[in-house]
J.: 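I'd like to ask some things about the structure below.
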Number of protein chains: 2
Amino acid sequence: MTATDRRAAAKREQILTAATRLFVRHGYGGTSMDAVSSEAGVSKQTLYRYFPSKADLLSAFITTELAPHEVFAAVPAEPETEAELRQSLVLLAQSVTGRLLQPPITAALRLVISEAFRITELRDLVRTALPGQLLEVATRQLARAATLGLIRTTRPDLSARLFVGSVFSYVALDGFLRVSPLAPPPVADLEFLVDAFLLSVAIEP
Amino acid sequence: MTATDRRAAAKREQILTAATRLFVRHGYGGTSMDAVSSEAGVSKQTLYRYFPSKADLLSAFITTELAPHEVFAAVPAEPETEAELRQSLVLLAQSVTGRLLQPPITAALRLVISEAFRITELRDLVRTALPGQLLEVATRQLARAATLGLIRTTRPDLSARLFVGSVFSYVALDGFLRVSPLAPPPVADLEFLVDAFLLSVAIEP
DNA sequence: GTCACACTGGACCGTACAGTTTGATCGTGA
DNA sequence: TCACGATCAAACTGTACGGTCCAGTGTGAC
């Protein structure tokens with residue numbers, strides 16, 4: 001990687017960071033390209049060199065913020081015992097609320113929900129991004145736990161919904177409608193939710 | 001009510017209906033006042049007589065679509081037995097998914113989430129509107145059920161979140177990210193969720 | 001040293017759009 | 001029948017904004 005390349009990457013980063021700040025604070029419609037170039041300390045021509053259109057900027061913002069990796073990385077993939085399963089669920093809950101309630105991510109989700117559903121490329125992107133994956137990952141995990149005999153459920157998809165839904169409610173019901181960022185819920189509460197959920201899929205009657 | 005009043009109300013309705021159609025299809029930013037006046041078959045002057053600004057139109061749209069009455073009206077307020085409680089929860093789940101997945105309401109929620117959180121008046125409005133009330137109403141119901149001995153929970157608020165979250169996930173995780181409207185989930189699925197939830201708050205192990 | 005290229009600042013273009021104004025027409029209530 | 005208020009169509013205003021263009025400056029690669 002040459003020095004020019006490095007400088008180019010830095011410029012791109014610098015622009016995207018500025019755009020992020022503005023998107024978070026003023027939304028997509030409320031952010032003009034002039035404002036971005038000024039906030040980034042970069043001429044408009046340079047801005048347009050790195051992001052040929054405003055939609056590209058939005059796209060980059062969303063892909064960056066909603067990359068699903070970290071959330072799922074935090075979760076041990078293959079719990080073998082009830083205790084491990086419980087811990088895995090608590091970690092998932094913590095990870096989801098901890099990350100998704102951060103202002104840039106909440107803002108990205110807001111934008112996806114409002115603008116992106118009309119922009120074709122972004123729709124596909126969302127399906128593979130964070131919240132689109134939540135139900136599927138949880139369903140797979142629970143199905144696996146069921147075959148291992150750790151839990152009992154005839155409908156892993158619905159059981160997953162029960163759990164994921166309650167966790168995601170911190171984002172959907174509390175986070176979205178608030179102006180100031182919402183503090184992540186206390187771990188004790190998440191543990192309560194996990195334990196309640198585990199009761200609903202407990203092996204024995 | 002004089003004939004003029006009646007005519008005025010009809011005109012207002014006619015405009016709001018047209019605006020609703022456009023907001024649903026193209027969002028707030030994508031809907032121009034020219035388009036509204038044309039869709040309503042009404043001159044711009046008349047449009048502005050009834051709605052002095054575009055924000056007023058948005059406000060009226062949201063208040064109309066997100067009035068919480070019907071959803072809660074469908075739910076029997078005071079279940080006295082376990083069976084009644086179960087039925088009450090199933091009805092709530094049906095009512096919430098049935099209504100909130102309808103295109104105009106999903107659109108209204110999208111708009112609230114994206115635009116309205118910056119507009120002060122709308123924020124207050126949202127708190128008393130539909131999704132803002134869900135958790136509180138459910139919490140009250142469950143707390144009451146707990147004192148009646150129908151269920152057992154030390155944290156009615158979290159139990160409510162477990163249930164409401166799973167139901168609302170149909171809106172938040174499936175509805176928001178889709179383009180074409182999402183069919184409401186089969187009643188059997190909702191019953192599954194209710195029964196699973198009830199297991200998590202069952203009186204006796 | 002020089003060439004290509006990134007970058008800057010700012011002017012510029014076209015357009016879309018919220019909201020206003022005008023002047024004519026129509027319906028209704030007295 | 002008359003007058004007033006509601007309505008209409010359409011032109012108009014001001015502005016904000018996405019995107020382009022230009023002339024000039026710095027800088028790394030060879």
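Order of the sequence lines sets the chain letters (A, B, ...), proteins ahead of strands, with each chain counted from 1.
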J.: Please report, rounded to the nearest Å, how far the C1' atom of D/dG28 is from the NZ atom of A/Lys11.
T.: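 In whole Å, D/dG28 C1' lies 14 Å from A/Lys11 NZ.
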
J.: What N/O pairs connect the protein and nucleotides 15-18 of chain D at under 3.5 Å? Give each pair on its own line.
T.:
| residue | atom | partner | partner atom | Å |
| --- | --- | --- | --- | --- |
| D/dG18 | OP1 | A/Lys54 | NZ | 2.7 |
| D/dG18 | OP2 | A/Met33 | N | 2.7 |

J.: Does the side chain of B/Ile113 come within less than 4.5 Å of A/Leu177's, by heavy atoms?
T.: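 Yes, their side chains come closer than 4.5 Å.
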
J.: Is the shortest heavy-atom distance from the side chain of B/Gln94 to the side chain of B/Leu91 under 4.5 Å?
T.: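 They are in side-chain contact.
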
J.: Within the 4.5 Å heavy-atom criterion, are A/Leu130 and A/Glu65 side-chain neighbours or not?
T.: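 Sidechains of A/Glu65 and A/Leu130: no contact.
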
J.: Does the side chain of A/Asp56 come under 3.5 Å of the side chain of A/Ser59 through a donor N or O and an acceptor N or O?
T.: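 Their side chains do not contain a donor-acceptor pair, so the 3.5 Å distance test is not met.
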
J.: Is the closest side-chain heavy-atom distance between B/Phe163 and B/Leu92 below 4.5 Å?
T.: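 Sidechains of B/Leu92 and B/Phe163: in contact.
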
J.: Just checking, A/Arg161 and B/Phe192: is the charged tip under 6.0 Å from the six-membered ring centre and within 45° of the axis?
T.: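 No, A/Arg161 does not lie over the aromatic ring of B/Phe192.
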
J.: Just how far, in rounded Å, is C1' of C/dC26 from CD of B/Gln45?
T.: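 One finds 14 Å between C1' of C/dC26 and CD of B/Gln45, rounded.
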
J.: Think A/Tyr50 has a side-chain N or O under 4.0 angstrom from the OP1 or OP2 of C/dC7?
T.: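 It does, given that an N or O in the side chain of A/Tyr50 lies less than 4.0 Å from OP1 or OP2 of C/dC7.
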
J.: Provide the closest heavy-atom pair for B/Ala196 versus A/Ser200 in the form atom of the first, atom of the second, distance.
T.: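 Shortest heavy-atom separation between B/Ala196 and A/Ser200 comes out as O-CB, 3.0 Å.
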
J.: Which pairs, protein N/O on one side and nucleotides 25-27 of chain D N/O on the other, fall under 3.5 Å?
T.:
none

J.: Mind checking whether A/Phe197 and A/Ser159 have side chains closer than 4.5 Å, heavy atoms only?
T.: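 When only atoms from C-beta onward are counted, A/Ser159 and A/Phe197 do touch, with a gap below 4.5 Å.
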
J.: Pick base, sugar-phosphate or nothing for A/Arg49, based on heavy-atom distances below 4.0 Å to the nucleic acid.
T.: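 Since only primed, P, OP1 and OP2 atoms lie under 4.0 Å of A/Arg49, the category is sugar-phosphate.
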
J.: Taking only the side-chain nitrogens and oxygens of A/Thr46, find out if one of them lies under 4.0 Å from OP1 or OP2 of C/dT8.
T.: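 So the side-chain polar atoms of A/Thr46 do come within 4.0 Å of the phosphate oxygens OP1 or OP2 of C/dT8, strictly under.
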
J.: For the helix from C/dG1-D/dC30 to C/dA30-D/dT1, what is the angle between the axes at its two ends, each from 5 pairs, rounded to 10°?
T.: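 About 10°, once rounded to a multiple of 10°.
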
J.: Using modelled atom types and a 3.5 Å cut-off, is there a donor and acceptor pairing between side-chain atoms of A/Ser38 and backbone atoms of A/Asp34?
T.: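 Absent.
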
J.: With the side chain counted from C-beta on, respond yes when A/Phe168 and A/Leu100 share a heavy-atom pair under 4.5 Å apart, and no when they do not.
T.: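 The answer is yes, as the side chains (C-beta and beyond) meet within the 4.5 Å cut-off.
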
J.: For A/Gln14 and C/dA6, give me the distance from atom CD to atom C1', rounded to whole Å.
T.: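 The distance from CD of A/Gln14 to C1' of C/dA6 comes to 13 Å, rounded to the nearest Å.
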
J.: Looking at side-chain heavy atoms only, is the closest gap between B/Arg144 and B/Pro79 below 4.5 Å?
T.: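 Yes. Closest side-chain heavy atoms under 4.5 Å.
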
J.: Starting at CG of A/Leu57 and ending at P of D/dG19, how long is that distance when rounded to a whole Å?
T.: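 Answer to the nearest Å: 10 Å.
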
